[in-house]
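Both ligands and their constituent atoms are indexed starting at 1 by order of listing. Along the sequence shown, the residues carry numbers beginning at 1.
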Amino acid sequence: MDCIFCKIANGEIPSKKVYEDDKCLAFYDLNPQAPVHVLFVPKSHIASVNEITEENSDYVSHIFTVIPKVAKELGLENGYRIINNCGADAGQTVMHLHFHLLGGKEMGEKII
Ligand code: 5GP
Ligand code: ZN
């Protein structure tokens with residue numbers, strides 16, 4: 001499958017890794033939008049939040065146990081923002097589920 005984040009997850013395409021285990025990979029975004037901008041991806045091709053099921057949701061829950069540990073390691077004690085873009089209206093550009101971890105500055109105006 002021609003999926004850039006599958007290729008990053010299996011090491012075919014290099015990335016600046018922050019954390020890795022058998023279920024997920026965290027790596028720095030190529031085009032950072034904050035001093036800390038890390039992407040969390042499952043090591044299974046889930047295209048978007050729309051594709052999360054009872055069968056694969058353990059990948060997602062696992063990522064959310066890893067995020068606070070990585071955030072702490074990266075010094076984000078003052079807080080951070082997690083963003084997921086799902087589908088065209090939200091501007092999802094890579095069709096492999098990913099969660100943006102943003103921090104290292106005051107994040108500015110909230111959407112909600
Ligand atoms: P989306 O817009 O789909 O929510 O986010 C995709 C993100 O992936 C963007 O922030 C973009 O900068 C990042 N990105 C796209 N291709 C690559 C890549 O090859 N390597 C890394 N590290 N980030 C990428
Ligand atoms: Zn993929």
Side-chain angles (χ1 to χ4, degrees):
M1 195 195 299
D2 201 25
C3 169
I4 193 167
F5 285 180
C6 278
K7 287 179 178 168
I8 287 176
N10 70 24
E12 247 181 275
I13 292 177
S15 66
K16 204 172 155 200
K17 290 179 193 177
V18 180
Y19 174 89
E20 182 169 23
D21 63 27
D22 58 328
K23 278 205 170 78
C24 73
L25 176 70
F27 56 97
Y28 285 102
D29 196 293
L30 214 52
N31 182 24
Q33 302 300 309
V36 174
H37 186 172
V38 171
L39 300 173
F40 290 77
V41 301
K43 284 192 174 178
S44 174
H45 184 79
I46 302 170
S48 76
V49 166
N50 285 335
E51 309 300 323
I52 298 171
T53 63
E54 290 292 343
E55 286 69 39
N56 65 25
S57 63
D58 55 323
Y59 283 95
V60 181
S61 57
H62 178 69
I63 282 175
F64 276 85
T65 69
V66 171
I67 286 172
K69 294 178 195 161
V70 171
K72 194 173 182 192
E73 274 169 26
L74 295 176
L76 303 182
E77 279 87 2
N78 218 31
Y80 53 85
R81 188 168 287 165
I82 302 294
I83 292 177
N84 169 261
N85 296 313
C86 179
D89 276 5
Q92 183 177 3
T93 58
V94 178
M95 292 307 289
H96 180 125
L97 181 66
H98 54 282
F99 298 96
H100 299 256
L101 167 66
L102 296 155
K105 66 168 186 178
E106 232 182 87
M107 221 48 63
E109 203 175 324
K110 296 192 288 183
I111 296 174
I112 52 161

Contact summary for [X] and [Y], nearest pair of heavy atoms:
X      : Y      : answer
Asp21  : Lys43  : O-NZ, 2.9 Å
Pro35  : Gly104 : CG-O, 3.5 Å
Leu74  : Val36  : CD1-CG1, 3.8 Å
Lys110 : Ile112 : CB-O, 3.2 Å
Met95  : His45  : O-CE1, 3.1 Å

I'd like to know whether the aromatic ring centres of His98 and His96 sit less than 6.0 Å apart in this structure.
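Here the rings of His96 and His98 have centres that are no less than 6.0 Å from each other.
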Sub-4.0 Å atoms of ligand 1 with respect to non-hydrogen atoms of [X]:
X     : answer
Asn31 : 12 (O)
Val94 : 3 (O), 6 (C)
Gln92 : 3 (O)
Phe27 : 21 (C), 22 (N)
Gly91 : 2 (O)
Phe5  : 8 (O)

For Gln92 and Val94, indicate whether the former's side chain and the latter's backbone hold a donor-acceptor pair under 3.5 Å.
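Between the backbone of Val94 and the side chain of Gln92 there is a qualifying donor-acceptor contact (under 3.5 Å).
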Taking Glu51's backbone N and O only, do any of them form a donor-acceptor pair with Asn56's side chain (distance below 3.5 Å, no angle check)?
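Yes: the side chain of Asn56 pairs with the backbone of Glu51.
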I'd like the name of whichever of Thr93, Asp29, Leu39 reaches closest to atom 3 (O) of ligand 1 through any heavy atom.
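Result: the heavy atom closest to atom 3 (O) of ligand 1 is in Thr93.
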Given Leu30, Asn84, Val38, which one has a non-hydrogen atom that is nearest to atom 23 (N) of ligand 1?
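Ranked by closest heavy atom to atom 23 (N) of ligand 1, first place is Leu30.
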Does [X] reach ligand 1, in the sense of a heavy atom lying below 4.0 Å from it?
X      : value
Ser15  : no
His100 : yes
Ile8   : yes
His98  : yes

Kindly compute the distance separating CD1 (Ile63) from CG (Asn84), expressed to the nearest 0.5 Å.
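Spacing of CD1 (Ile63) from CG (Asn84) equals 10.0 Å.
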Do the non-hydrogen side-chain atoms of [X] and [Y] ever get within less than 4.5 Å of each other?
X      : Y     : result
Phe40  : Ile82 : no
Val38  : Asp29 : no
Leu101 : Leu76 : yes

Heavy-atom pairs closer than 4.0 Å: do any link ligand 1 to the side chain of Phe99, the backbone, both, or neither?
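Phe99 to ligand 1: no contact under 4.0 Å from either part.
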Side chain or backbone of Tyr28 under 4.0 Å from ligand 1, or both, or neither, by non-hydrogen atoms?
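It is the backbone that gets close, since no side chain atom is under 4.0 Å.
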Is there any ring-ring contact (aromatic ring centres under 6.0 Å, His included) pair reaching into residues 62-92, and which pairs are they, with sequence neighbours excluded?
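Sorted result for residues 62-92: Phe64-Phe99.
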Which of the protein's N, O or S atoms come within less than 2.8 Å of the Zn ion (ligand 2), not counting waters?
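N, O, S partners closer than 2.8 Å: Cys3 SG, Cys6 SG, His45 ND1, His96 ND1.
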His37 N/O to ligand 1 N/O under 3.5 Å
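Between His37 and ligand 1 (N or O atoms, distance only) the closest approach is not under 3.5 Å.
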Ile4-ligand 1 polar pair, N/O distance under 3.5 Å:
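In this structure, Ile4 places no N or O atom under 3.5 Å from an N or O of ligand 1.
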Are there over 12 heavy-atom neighbours, none belonging to Glu106, within less than 6.0 Å of that residue's CD?
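No - once you tally the heavy atoms of other residues, nucleotides and ligands closer than 6.0 Å, there are 12 at most.
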